[in-house]
Number of protein chains: 2
Amino acid sequence: MEHTLDALKQKLYDRECKLTPQRKVIMEIFTQNPEKHLSAEDVYGMVKKTHPEIGFATIYRTLDLFAELGILQRIDFGDGRGRYEFGESDVHHHHHLICLKCGTVAEFDDDLLDGLESVIEKRNGFEVVDHQLKFYGYCNKCR
Amino acid sequence: MEHTLDALKQKLYDRECKLTPQRKVIMEIFTQNPEKHLSAEDVYGMVKKTHPEIGFATIYRTLDLFAELGILQRIDFGDGRGRYEFGESDVHHHHHLICLKCGTVAEFDDDLLDGLESVIEKRNGFEVVDHQLKFYGYCNKCR
DNA sequence: GTATCTGCAAACTCTTTGCAAAAAC
DNA sequence: GTTTTTGCAAAGAGTTTGCAGATAC
């Protein structure tokens, strides 16, 4: 499951959706910033440099669509705005280290929770589809 | 660290804050619903039964204050509204099982992550203060 | 008595929606 | 050509803020 324009095109085609320049540009933003967790406003600001006529509504609709297509994943850091990154939820899990002072978000890889999911299914009768793990604290610079 | 009116009174006193009827009522709401994850609107609805004159602003300000006092903990389930529960973040951790269909939130206890925190401190130079773990999926009734 | 707190309404932020014009296929 | 998509502006949800009057201590 690669994050390329071709993959996007295919997924759009499967859904009878169209590949518009706006969608292309937004896709490029994410391929060029694979490590970041971009809010709608972040994307808007970046897109506007090359496509000043683009509207906020398009950003929101596109992020929403990409999330449904499984290309992006919506994350919520509790700061009141949604953020998006490439969605590889079923491939490997990375979690987030959120600095309470400067707000930067680092990543942390771990497979530890995969075992936990089956425990939960048995113990609680809850079928786990996804999980999110966030650590709050102070990063290298701020501690 | 008990969740009693006396504890509240003491914490308010330490901060030179006053114990008003509104704050008392909101505290009672949480002691009477220790298992729930209440939004501002939830609290507003419950408070209004006995104190119809209370305003939304007071709810928000009180929840905010209680969170600062360490009495409540704000949680974000990604549904666009903040939720609150008693904060026992440094005592024991419970995590949340969020049903994608009916929206109910169940709890799940585990200490597994405590070991992980020290790994993160060493590996990433990140000082962990708190963590939140959420599992998304389908509950008993909805699966 | 004085500083804090409340209730109200207005403002603010993030996000969604309705609609006519524009563009992809 | 037809259906989807866009841009705009207006509406919507949740939350915050300013202020004058009320209240805890």
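What's counted below: heavy atoms across the whole structure, side chains too, no hydrogens, waters or symmetry copies. Below, chains carry the letters A, B, ... as their sequence lines are ordered, and counting in each starts from 1.
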Within this structure, what is the CG-OG1 distance for the pair A:Leu5 and A:Thr31, rounded to the nearest 0.5 Å? 7.0 Å
Does the pair A:Arg83/A:Asp42 count as a salt bridge with the N-to-O cut at 4.0 Å? yes
Could you tell me from which nucleotide to which nucleotide of DNA chain C, 5' to 3', there is an atom under 4.0 Å from chain A heavy atoms? C:dC14 to C:dC25
Between B:His96 and B:Phe135, is the ring centroid distance below 6.0 Å? no
What class does the angle between the rings of A:His131 and A:His95 fall in, given that below 30° is parallel, 30 to 60° is tilted and above 60° is perpendicular? tilted
Do you know the tightest heavy-atom contact between A:Tyr44 and A:Gly55? CE1-C, 4.1 Å
Between the two ends of the helix from C:dG1-D:dC25 to C:dC25-D:dG1, what is the bend in degrees, rounded to 10 degrees, where each end axis spans five pairs? 40°
Closer than 4.0 angstrom, basic N to acidic O: yes or no for A:Glu41 and A:Arg81? yes
I'd like to know if B:Glu68 pairs up with B:Arg15 as an ion pair, taking the criterion as any Lys NZ or Arg NE/NH1/NH2 lying under 4.0 Å from an Asp or Glu carboxylate oxygen. yes
Determine the minimum heavy-atom distance between A:Asp76 and B:Gly78, stating which atoms define it. OD2-CA, 3.4 Å
Verify, without hydrogens or angle tests, whether A:Thr62 (side chain) and A:Thr58 (backbone) share a donor-acceptor contact under 3.5 angstrom. yes
For B:Glu16, does the CD atom have more than 12 heavy-atom neighbours from other residues, nucleotides or ligands under 6.0 Å away? no
Just by protein heavy atoms under 4.0 Å, how would nucleotides 9-24 of chain D read 5' to 3' in B, S and -? -----SBBBB-----B
Measure CZ/B:Arg15 against C1'/D:dC25 and give the value in whole Å, please. 18 Å
